[in-house]
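First up is the structure itself, then whatever we jot down about it.
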Amino acid sequence: MNFNIKNRGGTKNLLYIGRYESNKNVEILIQSLEYLQEFTLLLAGHCEETRKIDLLKGSRAKDRIVFLGRIDDAAYLQLLESCNALLMPSKDEGFGLPVVEAMNAGCPVICSNIPIFREIAGEAALFFEVDDAQGLANQVKALDDPEFRKGVIEQSLINVQRFSWKNSAKELLKFIHRFSA
């Protein structure tokens with residue numbers, strides 16, 4: 001298949017979007033910057049000032065971490081289309097909608113190796129163990145190979161088709177029919 005891939009990984013920006021509770025594991029993203037000297041970490045979503053201070057405490061990469069705050073849908077899509085990858089480091093997650101959104105935008109996804117992300121992303125994402133900053137950095141560096149990157153994006157665009165509204169409606173109808181008979 002031949003896809004129109006907008007995201008070519010030209011920037012050295014890594015994106016996280018979400019909340020900042022401990023289960024979101026944002027700390028591992030900051031730790032991974034020790035191995036990714038040329039990258040900037042963009043953190044989208046509201047983060048309390050006290051949490052920012054805690055996250056940055058002791059980090060030698062403070063100058064490469066940008067808290068964007070809340071962003072609108074247009075800015076989010078622009079970031080997905082231009083950043084090197086979306087990072088999802090959660091230790092525990094309910095679903096992980098940003099994984100689907102990133103794949104739909106042709107943005108490579110690197111996420112923690114937890115069951116829900118395996119279920120959502122299948123073989124279309126790169127995975128790392130939740131406490132392995134070096135492993136996360138290695139996955140980011142793997143995307144430097146243009147052919148590998150293109151393959152990851154193509155797999156993502158195939159995988160994300162499972163999450164269409166039409167497919168969701170079909171699954172819901174199956175569920176309703178099973179319990180109404």
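We number each residue from 1, following the sequence as shown.
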[X], [Y]: one ILVMFWY side-chain cluster at the under-4.5 Å cut-off?
X    : Y   : answer
L79  : L41 : no
V152 : L80 : no
F148 : L14 : yes
V130 : Y20 : no
F67  : L36 : yes

More than 12 heavy atoms of other groups within 6.0 Å of [X] [atom1]:
X   : atom1 : answer
R19 : CZ    : no
Q37 : CD    : yes
D73 : CG    : no

Mind listing the closest non-hydrogen atom pair of [X] and [Y] along with its distance?
X    : Y    : answer
L86  : A102 : CD2-CB, 3.5 Å
A137 : Y35  : CB-CB, 3.5 Å
D132 : I28  : N-CD1, 3.9 Å
D72  : A75  : OD1-N, 2.8 Å
L68  : L42  : CD1-CB, 4.0 Å
K91  : I114 : O-CG2, 3.7 Å

Exercise. About how many Å separate CG of L55 and CD of Q31, when rounded to the nearest 0.5 Å?
Worked result: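 Rounded to the nearest 0.5 Å, the CD-CG separation comes to 10.5 Å.
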Exercise. Would L157 and E154 satisfy side-chain contact (heavy atoms from CB on, under 4.5 Å), going step by step from the backbone distance to the final call?
Worked result: CA-CA 5 Å; L157 293 170; E154 288 175 349; 5.6 Å; no
Would a distance-only check, ignoring hydrogens and angles, find a side-chain to backbone donor-acceptor pair under 3.5 Å from [X] to [Y]?
X    : Y    : answer
R60  : L33  : no
N25  : P89  : yes
N159 : I120 : yes
Q139 : G135 : no
S112 : S90  : yes
R149 : P108 : no
S156 : G106 : no
R70  : H46  : no

Exercise. So does K141 pair up with D144, basic N to acidic O under 4.0 Å?
Worked result: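 Result for this pair is no, no salt bridge flagged.
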For this session: Start with the C-alpha distance between K24 and E93, add both sets of side-chain angles, then the distance that settles salt bridge (Lys or Arg N to Asp or Glu O under 4.0 Å), and finish with yes or no.
Result: CA-CA 8 Å; K24 296 297 184 175; E93 192 68 56; 2.8 Å; yes
For this session: If the plane angle is over 60° it's perpendicular, under 30° parallel, otherwise tilted; pick one for F95 and F163.
Result: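 Perpendicular.
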For this session: Taking the side chain as every heavy atom from C-beta outward, state whether Q78 and E81 have any atom pair closer than 4.5 Å.
Result: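 A side-chain contact is absent here, since even the closest heavy-atom pair is not under 4.5 Å.
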